[in-house]
Amino acid sequence: MSDTSHEPATVQADTAPGGPPGGLKRYVSARGRSLLGALFLMATSAIGPGFITQTATFTQQLGAAFAFGILVSILLDLAVQMNVWRMITLTGKRASVLANEALPGSGYVLAVLIVFGGLIFNIGNTAGAGLGLNVLFGLDPRLGGAISAVIAVAIFLAKRAGAVVDRVVIVAGLVMIVLTVIVAVLSGPPVGEALRQTVLPDTVDFATITTIVGGTVGGYITYAGAHKLLDSGTAGPEHVREVNRAAVSGIIVTGIMRYVLFLAVLGVVASGVVLDVAGNPAADAFGAAAGEAGLRIFGAVFWIAAITSVIGSAYTSVSFLPVFSARITGRAADLWTVGFILVSLVVYLVIGTAPATLLVFVGGVNGLILPIGLTLFMYIGWFRGSLLGAARYPRWLLVVGTLAVVVTWYMAINAVGPIFDLLSA
């Protein structure tokens with residue numbers, strides 16, 4: 001984004017000896033906002049319309065047993081994000097650049113996969129925004145998607161796009177959490193049964209888990225917060241502690257939101273209501289829990305989730321393009337991001353796939369992409385540690401990350417068929 005990569009340096013200049021006393025306050029404020037922005041960019045990207053639709057769909061299918069899939073997604077989140085965020089910010093290099101240095105050519109492959117997965121995801125995000133405005137105002141979903149895309153474009157065309165994005169994702173994320181908690185309380189879920197099946201599920205479905213993992217940490221989402229931190233100037237070993245705090249805090253926020261949303265839907269399903277998984281299952285759940293007000297809350301939550309995910313997907317996907325051309329930075333990157341959003345919109349407007357089906361499918365695709373990038377980073381950690389600086393990289397993180405690689409590859413191989421069957425369902 002055009003301003004975030006320069007803002008911290010500008011403020012820091014005021015903190016030099018003899019500088020104005022307000023400089024330090026501005027620096028601390030900018031630094032705090034940047035960390036919160038990275039945290040919520042990752043969190044809102046991980047809690048997009050795809051995750052909401054997937055949660056409603058899979059809770060209808062699996063009931064309380066779906067809690068186990070959410071637990072697995074949170075644990076994999078920790079393993080993935082703590083490694084990826086740490087390596088990227090330690091080196092001060094974007095994921096594709098770092099991958100190229102470790103294994104020549106691999107960064108280009110990773111960039112193509114992330115941009116492809118991000119584009120598919122953004123088509124789903126645009127569809128989700130359309131669904132949200134359809135429920136809120138009765139607009140045709142395609143018109144709602146177009147309006148939402150225009151709003152996202154306006155954000156990236158703003159003079160201080162980076163600062164605007166920070167504020168938008170922070171406020172939107174907090175509003176989304178509060179609204180979902182209200183519905184969860186009203187739905188009256190069987191909390192005890194949900195907690196039991198979180199660790200002792202009656203059913204384990206690999207396609208379901210791969211799809212939910214892909215929708216919450218797969219594809220571009222893995223790198224969203226880390227690349228945002230780089231743009232804000234948070235790089236180098238001196239920032240390891242605050243990067244770790246931001247990563248863990250982001251995962252805690254997303255974990256709470258995932259479980260609260262699951263409980264909201266579970267309360268409805270447990271009462272005997274059958275959700276229309278081919279239509280808009282999450283809207284059915286919110287409506288059953290709180291009537292007309294629940295539908296309006298759903299529309300707001302879904303639209304917020306969608307518009308913030310459009311922002312996160314477009315920003316992060318474009319952040320991989322400088323590996324192909326160093327000129328795609330600053331204002332040029334903002335314009336590429338605008339183009340990315342518009343292409344996503346056009347594709348959404350011309351395809352015939354039902355939005356709900358598309359939102360589940362895109363999570364699955366990104367779940368298939370996840371183990372490829374994670375494998376590259378574990379290779380760097382184990383065999384190219386010199387790229388990460390002089391300090392010894394924590395072995396426990398590498399062990400945890402390697403276990404995540406094994407799990408994600410196993411799930412991806414077992415789930416590839418069922419995931420692509422969704423398009424013909």
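Only a predicted model underlies this, so the values are computations on that prediction, with no experimental measurement involved.
- Distance alone, capped at 3.5 Å, is enough to place a donor-acceptor pair between the T254 side chain and the I251 backbone.
- Residues V165 and Y315 form no side-chain contact, since every pair of their non-hydrogen atoms from C-beta on lies 4.5 Å or further apart.
- Using a 4.0 Å cut-off between charged side-chain N and carboxylate O, E193 and R196 make a salt bridge.
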- Task: Decide yes or no on side-chain contact (heavy atoms from CB on, under 4.5 Å) for L229 and V243, but give the supporting numbers first.
- Result: CA-CA 8 Å; L229 286 174; V243 167; 4.0 Å; yes
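- The shortest heavy-atom contact between L397 and M82 is CD2-CB, 3.9 Å.
- When every heavy atom of Q81 is checked against every heavy atom of I221, the shortest pair comes out as NE2-O, 3.8 Å.
- The shortest non-hydrogen separation linking A283 to V135 is CB-CG2, 4.5 Å.
- Between H227 and F320, the ring planes are tilted. Angles from 30° to 60° get that label.
- Distance alone, capped at 3.5 Å, places no donor-acceptor pair between the R258 side chain and the I70 backbone.
- Put simply, the side chain of F286 reaches to within 4.5 Å of the side chain of L261, judged on heavy atoms.
- Under the 3.5 Å distance criterion, the side-chain polar atoms of D276 are left unmatched by any main-chain donor or acceptor of P281.
- When all heavy atoms of P49 and G124 are compared, the pair lying nearest together is CG-O, 4.3 Å.
- Judged purely by atom type and a 3.5 angstrom limit, T402 uses its side chain to pair as donor or acceptor with the backbone of L398.
- Among residues two or more places apart in sequence or in another chain, the ring-ring contact (aromatic ring centres under 6.0 Å, His included) test is passed with F68 by none.
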May I have the list of side-chain donor-acceptor pairs in residues 105-123 shorter than 3.5 Å, sequence neighbours left out?
from	atom 1	to	atom 2	distance (Å)
S106	OG	A99	O	2.8
S106	OG	L103	O	2.6
N122	OD1	N125	ND2	3.4
N122	ND2	S344	OG	3.2

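- Residues P201 and V204 have side chains in contact (heavy-atom distance under 4.5 Å, counting atoms from C-beta outward).
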- Query: Given R94 and D231, is the side-chain contact (heavy atoms from CB on, under 4.5 Å) satisfied, shown in steps?
  - Reply: CA-CA 10 Å; R94 297 183 188 274; D231 279 353; 2.8 Å; yes
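- T408 contributes a side-chain N or O that, together with a main-chain N or O of V405, makes up a donor-acceptor pair within less than 3.5 Å.
- The pair R331-D334 meets the salt-bridge criterion, since a charged nitrogen lies less than 4.0 angstrom from a carboxylate oxygen.
- Interatomic distance, L349 CG to L345 CG, rounded to the nearest 0.5 Å: 4.5 Å.
- Side chains of L230 and T234 form no contact here, defined as non-hydrogen atoms less than 4.5 Å apart.
- Atom CD1 of I252 is separated from atom CG of D77 by 11.5 Å, given to the nearest 0.5 angstrom.
- Put simply, the side chain of T316 never gets that close to the backbone of S313: no donor and acceptor are under 3.5 Å apart.
- The distance from the OG1 atom of T59 to the CZ atom of F66 is 5.5 Å, given to the nearest 0.5 Å.
- Remark: R86 qualifies as a cation-pi partner of Y393 under the 6.0 Å distance and 45° angle criteria applied to the six-membered ring.
- In this structure, the side chains of V407 and L75 stay at 4.5 Å or more apart for every pair of heavy atoms.
- Closest approach of A194 and A67 over heavy atoms only: O-CB, 3.6 Å.
- Closest heavy-atom contact between L388 and T91: CD2-CG2, 3.8 Å.
- Looking at heavy atoms from C-beta onward, F377 lies in side-chain contact with I88 at the 4.5 angstrom threshold.
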- Run the side-chain contact (heavy atoms from CB on, under 4.5 Å) check on L133 and F302 step by step: do they pass? CA-CA 8 Å; L133 291 184; F302 210 68; over 6 Å; no
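- For N134 (side chain) and G130 (main-chain N/O), no donor-acceptor pair under 3.5 Å exists by modelled atom type.
- We find the CZ-CE distance between F383 and M378 to be 11.5 Å, quoted to the nearest 0.5 Å.
- Under the 4.5 Å side-chain criterion, counting only non-hydrogen atoms from C-beta, N280 is in contact with F298.
- For the pair Y220 and I369, the minimum side-chain heavy-atom distance is 4.5 Å or more.
- Within the model, atoms CG of L71 and CZ of F262 stand 11.0 Å from one another, a figure rounded to the nearest 0.5 Å.
- One finds the CG atom of L321 at 13.0 Å from the CZ atom of R327 (value rounded to the nearest 0.5 Å).
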- When you look at T89 and V240, which way does the side-chain contact (heavy atoms from CB on, under 4.5 Å) test go after all the steps? CA-CA 8 Å; T89 54; V240 166; 5.9 Å; no
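- With hydrogens and angles left out, the side-chain atoms of T198 and Y259 include a donor and acceptor closer than 3.5 Å.
- Pairs engaging residues 298-308 under the side-chain hydrogen bond (donor to acceptor under 3.5 Å, both in side chains) rule: S148-W303 [sequence neighbours left out].
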